[in-house]
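To start, the structure under review is shown below, and the notes come after it.
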Amino acid sequence: MRALVQRVSQAAVDVEGDRVAQIGPGMLVLLGVSREDTDAEADRLADKVRALRIFDDAEGRMNEPLGDREILCVSQFTLYGDTRKGTRPSYVEAAPADVAEPLYDRFCERAGAKKGVFGACMGVALVNDGPVTVILEV
């Protein structure tokens with residue numbers, strides 16, 4: 001399981017022109033699920049995201065975890081795109097929807113994240129804070 005985490009001052013997801021979720025300060029998580037992932041990986045990654053210390057402390061150092069801030073999570077199978085051969089990504093490592101969706105839901109529930117719509121074409125808007133962007137993988 002792979003997550004691209006961005007520290008944001010705000011983020012939102014729209015589907016077909018309708019706002020389906022939005023947050024204020026916190027994290028936007030783009031989440032990719034691989035064929036081998038299980039509930040254990042979803043739980044471990046959710047815990048790691050919540051504990052990730054990417055927010056400024058009183059001295060301005062990135063030393064604080066999420067705390068009372070929010071998470072918005074968007075499913076993102078393209079995080080498993082392989083471009084080592086050629087220029088057209090291969091997605092064979094990405095989990096099929098029937099495997100990925102329950103793990104996405106489990107991650108979101110455990111992380112306390114608001115969600116986009118799994119499998120939908122989404123418009124994702126964000127205001128990066130920093131910017132701070134990290135990749136996590138379990």
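Note that the numbering runs from 1 along the sequence shown for the chain.
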When you check the gap from the basic side-chain N to the acidic O, do Arg106 and Asp39 get nearer than 4.0 Å? yes
Find out whether Arg50 and Ile71 are in side-chain contact, i.e. whether some heavy atom of one side chain is under 4.5 Å from a heavy atom of the other. yes
Any link between Val138 and Tyr80 through a network of hydrophobic side chains (Ile, Leu, Val, Met, Phe, Trp, Tyr) touching at under 4.5 Å? no
For Asp37, give me all partners under salt bridge (Lys or Arg N to Asp or Glu O under 4.0 Å), at least two apart in sequence or on another chain. none
Residues forming a salt bridge (Lys or Arg N to Asp or Glu O under 4.0 Å) with Arg84, sequence neighbours excluded: Asp82
Pairwise side-chain contact, Leu136 with Val5, heavy-atom cut-off 4.5 Å (strictly under): yes
Testing the basics here: between Asn128 and Pro131, what is the closest heavy-atom pair and its distance to 0.1 Å? CG-CB, 3.8 Å
Closest non-hydrogen atoms of Leu45 and Ala3, given as atom of the first, atom of the second and distance, are CD2-CB, 3.9 Å
Could you check whether any side-chain heavy atom of Val49 comes within less than 4.5 Å of a side-chain heavy atom of Met27, counting everything from C-beta outward? yes
Of all heavy-atom pairs between Ser34 and Ala95, which one has the smallest distance, and what is that distance? O-CB, 3.4 Å
Could you point out which residue of Leu30, Val29, Leu126 forms a side chain to side chain contact (heavy atoms under 4.5 Å, CB included) with Val74? Leu30
Counting neighbours of CD on Glu109 that are heavy atoms of other residues, nucleotides or ligands and sit closer than 6.0 Å, is the number greater than 12? no
Look at the aromatic rings of Phe77 and Tyr91 and report parallel, tilted or perpendicular, splitting at 30° and 60°. perpendicular
Could you walk me through whether Gln6 and Leu4 pass the side-chain contact (heavy atoms from CB on, under 4.5 Å) check? CA-CA 7 Å; Gln6 295 179 298; Leu4 188 138; 3.7 Å; yes
Can you find a heavy atom in the side chain of Met122 that is under 4.5 Å from one in the side chain of Asp14? no
So CZ of Phe55 and CG of Asp129: to nearest 0.5 Å the spacing works out to 7.5 Å
What one should report as the nearest heavy-atom pair of Tyr104 and Ser75 is CE1-N, 3.5 Å
Of the options Gln76, Glu137, Glu41, which is the one that meets Arg2 in a side-chain hydrogen bond (donor to acceptor under 3.5 Å, both in side chains)? Glu137
Look at the side-chain heavy atoms of Ile, Leu, Val, Met, Phe, Trp and Tyr, link any pair under 4.5 Å apart, and say whether Leu66 and Met62 land in one connected group. yes
Contact summary for Leu79 and Gly32, nearest pair of heavy atoms: CD1-N, 3.6 Å
Please check if Val132 and Val124 belong to a single hydrophobic cluster, counting links between Ile, Leu, Val, Met, Phe, Trp and Tyr side chain heavy atoms closer than 4.5 Å. no
Taking the side chain as every heavy atom from C-beta outward, state whether Lys115 and Asp105 have any pair of such atoms under 4.5 Å apart. yes
Does the pair Glu93/Arg35 count as a salt bridge with the N-to-O cut at 4.0 Å? no
With the side chain counted from C-beta on, respond yes when Glu101 and Leu103 share a heavy-atom pair under 4.5 Å apart, and no when they do not. no
Rounded to the nearest 0.5 Å, what's the gap from CD on Glu64 to CG on Leu52? Could you check? 12.5 Å
Out of curiosity, Lys114 NZ to Leu72 CG, how far, rounded to the nearest 0.5 Å? 8.5 Å
For Leu31 versus Cys73, what's the shortest heavy-atom pair and its separation? CB-SG, 3.8 Å
Any non-hydrogen side-chain atom of Arg19 less than 4.5 Å from a side-chain atom of Val13? no
